[in-house]
Amino acid sequence: MIWLPVLGLVVGVAIGFVANVTIPIMYSSYLSIAILAALDTVFGGIRASLDKTFDSAVFLSGFFFNTLIAALLAYIGNQLGVDLYLAAVVAFGVRLFQNIAVIRRVAFDRAGKRRLKGN
Amino acid sequence: MKRTTFMWSLTGITTLVGFLVTVQLTSRPPSTASGLSSYIDLRTQVSELNQEHQLLEQQIAKANSQVSEYRAAAGHGTDMMQALEQDATTVAKEAGLTPVSGPGITIQIQYDPNLPFDEQTAGLFDQISDQEIGLIVNDLFANGASAISINGQRLVTTSSIRLVSGLSGNGTLQVNTVPVTSPYIITAVGDINRMQAILTLNNTVQELNIMQEQCLITPHPSPKGVTVPGYQGPLPGSFAKEVH
């Protein structure tokens, strides 16, 4: 089952190439922040799954909500002349690294347990 | 069950992320080696370019409005200039400031000793040349002449024909205050027949001949038969200014 998300990623990339959708350069920054939020949500979901606390409703709503809020924050900051997107970048970046670190630790723990079982 | 839900949710989300990343990558222009080192650089540069774009658009708008104003002014100015130039040409022509040519006559008056000598009238012309020539040009103007010159001096409304006597007693004829000497050549553009008729009617030739002055009237019927030069002297307003 682990191949499903990878397959989904490949399919999404393929759809993106086939659809050949482009956005204006002025909206590119908003999409960047949105992608960062989406990645944060993905890794947050993986971590939650490893911690046995995964909730699909929270996961899905978090994905869309965070994505939209991040883009909206960047837009408002651009309108106000304040680099509010930096706040989103820092917040999502920190969380992203934390989640990845947790995932890594859990993965190592599980690998260690398997090794012990095998011995 | 929970794991399955997680997997499908994650699959959907990763699909969306893949799509978004692809869109973002395909939408961004290829960066140059010396170009954008970070997202902040890109943002800053886009912001600066946007500001520059707005400034350039404002400049273009200003330039366009100026061009429109200049075009409008030029259009009106050209029409006005044409009308004014046409008026000026007409006025100058009427005032005698421009040379004119056309069918006309020339009258040459000069002393001829071969003419019969009359004791009472011989040499009288030198004493009344201004009156005689004045009568002739008045008759011509009254009978079809549109432009007249005497020895190249154009007659206009302010022209004068004067016989000015010096200390020696010899008179000098002045036209437009310019001295002219015999032979006197009167050039007139206008209706040849009418001008010749009035000269015949007034016995101009005979009257001058009595004073031993030859009067040779030559018609020039061609379209550019004679040319009368424009008035070159000072205009009435050249020196005298109106008192306010």
Side-chain angles (χ1 to χ4, degrees), chain A residues 1-46 48-50 52-60 62-64 67 74 77-78 81 83 85-86 89, chain B residues 1-69 71:
Chain A
M1 288 288 281
I2 192 69
W3 51 267
L4 261 178
V6 178
L7 181 66
L9 188 66
V10 172
V11 169
V13 171
I15 291 171
F17 277 116
V18 171
N20 198 19
V21 177
T22 56
I23 57 167
I25 187 70
M26 60 187 297
Y27 298 127
S28 178
S29 58
Y30 306 145
L31 186 58
S32 299
I33 297 295
I35 289 171
L36 190 63
L39 286 174
D40 171 63
T41 309
V42 168
F43 284 103
I46 294 171
S49 174
L50 292 174
K52 311 292 184 187
T53 57
F54 177 77
D55 187 339
S56 61
V58 173
F59 180 65
L60 291 173
F63 172 80
F64 291 108
T67 303
N78 192 27
D83 292 335
Y85 70 95
L86 285 174
V89 169
Chain B
M1 179 66 187
K2 205 168 187 179
R3 181 173 174 79
T4 307
T5 309
F6 164 69
M7 278 300 168
W8 282 112
S9 301
L10 191 63
T11 302
I13 295 301
T14 51
T15 305
L16 274 173
V17 169
F19 176 74
L20 291 175
V21 169
T22 309
V23 168
Q24 173 72 351
L25 290 176
T26 54
S27 298
R28 289 180 62 172
S31 60
T32 57
S34 62
L36 315 170
S37 60
S38 69
Y39 173 75
I40 297 173
D41 289 340
L42 172 65
R43 288 265 309 160
T44 306
Q45 206 162 52
V46 168
S47 176
E48 287 175 356
L49 285 173
N50 277 334
Q51 289 178 357
E52 193 177 356
H53 179 69
Q54 287 178 352
L55 286 173
L56 288 172
E57 279 191 338
Q58 288 175 358
Q59 287 179 349
I60 288 170
K62 281 184 182 176
N64 281 335
S65 65
Q66 275 187 335
V67 167
S68 301
E69 286 179 9
R71 278 182 179 163

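What you are looking at is a predicted structure, and each value in this text was computed from that prediction instead of being measured. Chain letters run A, B, ... following the sequence lines, proteins first and then strands; every chain starts at 1.
- Counting heavy-atom pairs under 4.5 Å between each of B:Leu49, B:Val46, B:Leu16 and chain A puts B:Leu16 at the top.
- Closest approach of B:Thr11 and A:Pro5 over heavy atoms only: OG1-N, 3.4 Å.
- Nearest heavy atoms, A:Phe17 versus B:Thr26: CE2-CG2, 3.9 Å.
- Options A:Thr41, A:Val11, A:Asn78, A:Asp83 differ in how many heavy-atom pairs under 4.5 Å they form with chain B, and the most are formed by A:Asn78.
- Here the options are A:Leu39, A:Thr67, A:Leu60, A:Leu9, the test is side chain to side chain contact (heavy atoms under 4.5 Å, CB included), and the partner is B:Ile13; only A:Leu60 passes.
- Of the atoms belonging to B:Thr14, heavy atoms from both backbone and side chain fall under 4.5 Å from chain A.
- Here the closest non-hydrogen pair linking A:Ile46 and B:Phe6 is CA-CZ, 3.8 Å.
- Considering OH of A:Tyr27 and CD of B:Gln24, their distance stands at 14.5 Å, rounded to 0.5 Å.
- Of the residues considered (A:Ser49, A:Ala38, A:Ser56, A:Ala34), A:Ser49 shows the highest number of contacts with chain B, using heavy-atom pairs under 4.5 Å.
- Contacts with chain A were tallied for B:Thr15, B:Val21, B:Leu10; B:Thr15 has the most, counting heavy-atom pairs under 4.5 Å.
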Item to check | Derivation and outcome, side chain to side chain contact (heavy atoms under 4.5 Å, CB included), residues B:Trp8 and A:Leu4 | outcome: CA-CA 7 Å; B:Trp8 282 112; A:Leu4 261 178; 3.9 Å; yes

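- Taking both residues in full, the closest heavy atoms of B:Thr22 and A:Gly16 are given as CG2-C, 3.5 Å, listed atom of the first, atom of the second, then distance.
- For A:Phe64, the part lying under 4.5 angstrom from a heavy atom of chain B is the side chain only.
- Note: B:Ser9 OG to A:Phe54 CZ = 4.5 Å, rounded to the nearest 0.5 Å.
- Only the side chain of A:Phe59 comes within contact range of chain B, with heavy atoms under 4.5 Å apart.
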